[in-house]
Amino acid sequence: MSSFSELDLSASMRANLQKLGYDNPTPVQASALPPALQGRDVIAQAQTGSGKTAAFGIPVIEKLDVASFSVQALVLCPTRELADQVAKSLRELARAKDNVKIISLCGGVSIGPQIGSLSHGAHLVVGTPGRIQDHLRKGTLKLNRLSTLILDEADRMLDMGFEEAVEDIIGQAPADRQTLMFSATWPKAIRVLSERYQRAPVDVRIEQADVVSDISETFYELSPGQQLEALQALLSTHQPDSCIAFCNTKQQCDEVSAALNERGFSALALHGDLEQRDRDSVLVRFGNKSCSVLVATDVAARGLDIKSLPLVVNVEPARDSEVHIHRIGRTGRAGEQGLAVTFCTPAQSHKINRLESRRGLAVEWGNTAELLATPLKPVTPVMKTLCIAGGRKDKVRPGDVLGALTGEAGLPGNVVGKIDLFDFQCFVAVEKSAAATALKRLENGRIKGRKMRVRYA
Ligand code: AMP
């Protein structure tokens, strides 16, 4: 499909698109619109700016029955900013029809006026999961007539800890609905969500994501004892926001991470000796970008659901080729370019020879002298983690934390990163520049009407 005229659209929608200056469909629209207009489920890979809102907005508005004052479509978004933006775009698209009522229901603002607007009836609702749940619980929002459910930025919703809320909401929607899901990235959790709640979805992925992986690999020969210096040089050169450095022993993990921290990098060690609580905290801080280097053993890193990393370093070559391939597979995922670097001393070169014979291909060696001459430039993470002394068992939900930060504390939603909820505590990543304000406001404010202890993790 290369033109809107090829689609079975109403004349008024066609005229409206022209007025909006939508001359030709964007790639995600070209792939998602035909099945979505047929009423099929779609799972699409799409970033902000890809035109994804119209990809679901056009079909939703085309099938809307304005005469029926019931909620016919619900769009779930991770943040208020996105919800407002989506509502605005939907209003533009809805000019193709008379009297379409669209409301947005987000946390961080008082619920009373929202209840008022809902009581006047609405066709389309856009909102954040926590607040939508509140309305469902109060009975002020009903989904019994819902025909389309949209999950926008589904990966970000999962990142922010909204999984349970999203599943709860889906569970209250009619089974014969159409479900459209949009996600910028494609982690396993997204595929699981789709399998669980979509029916024979049409898979719309922009081609590059189909590339299995795009990993470039470099090996450096080092003298024994040069690993730390080489690692710092590598980090200084590439400035990765996230990197795993693999070591073979726990002791080496501790030494390497301590040395990196001493030199101004932000590193955390992950190995089998950590208590579960410490392990959680390490993974949270690495996963939410408030620590940039994870120094890990293979065993500790097994089973980590860590997304595509720009850089993976083997501080020591892996035990065998199998492990090597597994390690470097953490970079270059989902069509992104990744770099895997392996350090090797002459005494370890047999491991590289084995790798070469297994692959039937010679590895590429980098220039060690050049690498070691790199001036030191520590990588500083963009986020900082706050730890709140309240969790699931205290009935804290991600929406409460987001609400406390963006509502009373007055921070814009886009400075808030991942929210990780545990039984007795909750971690929230905040952009570093806003962290001090966030901490102060949370300390002085309330979460779920209660004062909770807050500290930097
Ligand atoms: P979105 O990714 O949905 O946030 O859309 C990004 C921007 O692209 C919005 O400002 C839309 O108004 C605009 N847009 C969406 N579809 C088209 C199109 N087919 N042609 C031109 N602009 C578009």
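Order of appearance sets the numbers: ligands from 1, and atoms from 1 within every ligand.
For CZ of R145, the number of neighbouring non-hydrogen atoms (other residues, nucleotides, ligands) closer than 6.0 Å is 12 at most.
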Hey, mind stepping through R137 and D168 against salt bridge (Lys or Arg N to Asp or Glu O under 4.0 Å) and telling me if it holds?
CA-CA 11 Å; R137 222 174 283 128; D168 174 38; 5.2 Å; no
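Residue L294 holds its CG atom at 9.0 Å from SG of C243, rounded to the nearest 0.5 Å. The line from NZ of K448 to CG of D400 is 4.0 Å long, rounded to the nearest 0.5 Å.
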Atom pairs and distances, ligand 1 N/O vs protein N/O under 3.5 Å:
from	atom 1	to	atom 2	distance (Å)
ligand 1	2 (O)	G49	N	2.7
ligand 1	2 (O)	S50	N	3.0
ligand 1	2 (O)	G51	N	2.7
ligand 1	2 (O)	K52	N	3.4
ligand 1	3 (O)	K52	N	3.3
ligand 1	3 (O)	T53	N	2.9
ligand 1	3 (O)	T53	OG1	2.5
ligand 1	12 (O)	Y22	OH	2.6
ligand 1	16 (N)	Q29	NE2	2.7
ligand 1	19 (N)	N24	O	2.8
ligand 1	19 (N)	Q29	OE1	2.9

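Ring geometry, F422 versus F427: the interplanar angle exceeds 60°, so the pair is classed perpendicular (tilted spans 30 to 60°).
Counting heavy atoms from C-beta outward, F265 and L235 have side chains that approach closer than 4.5 Å.
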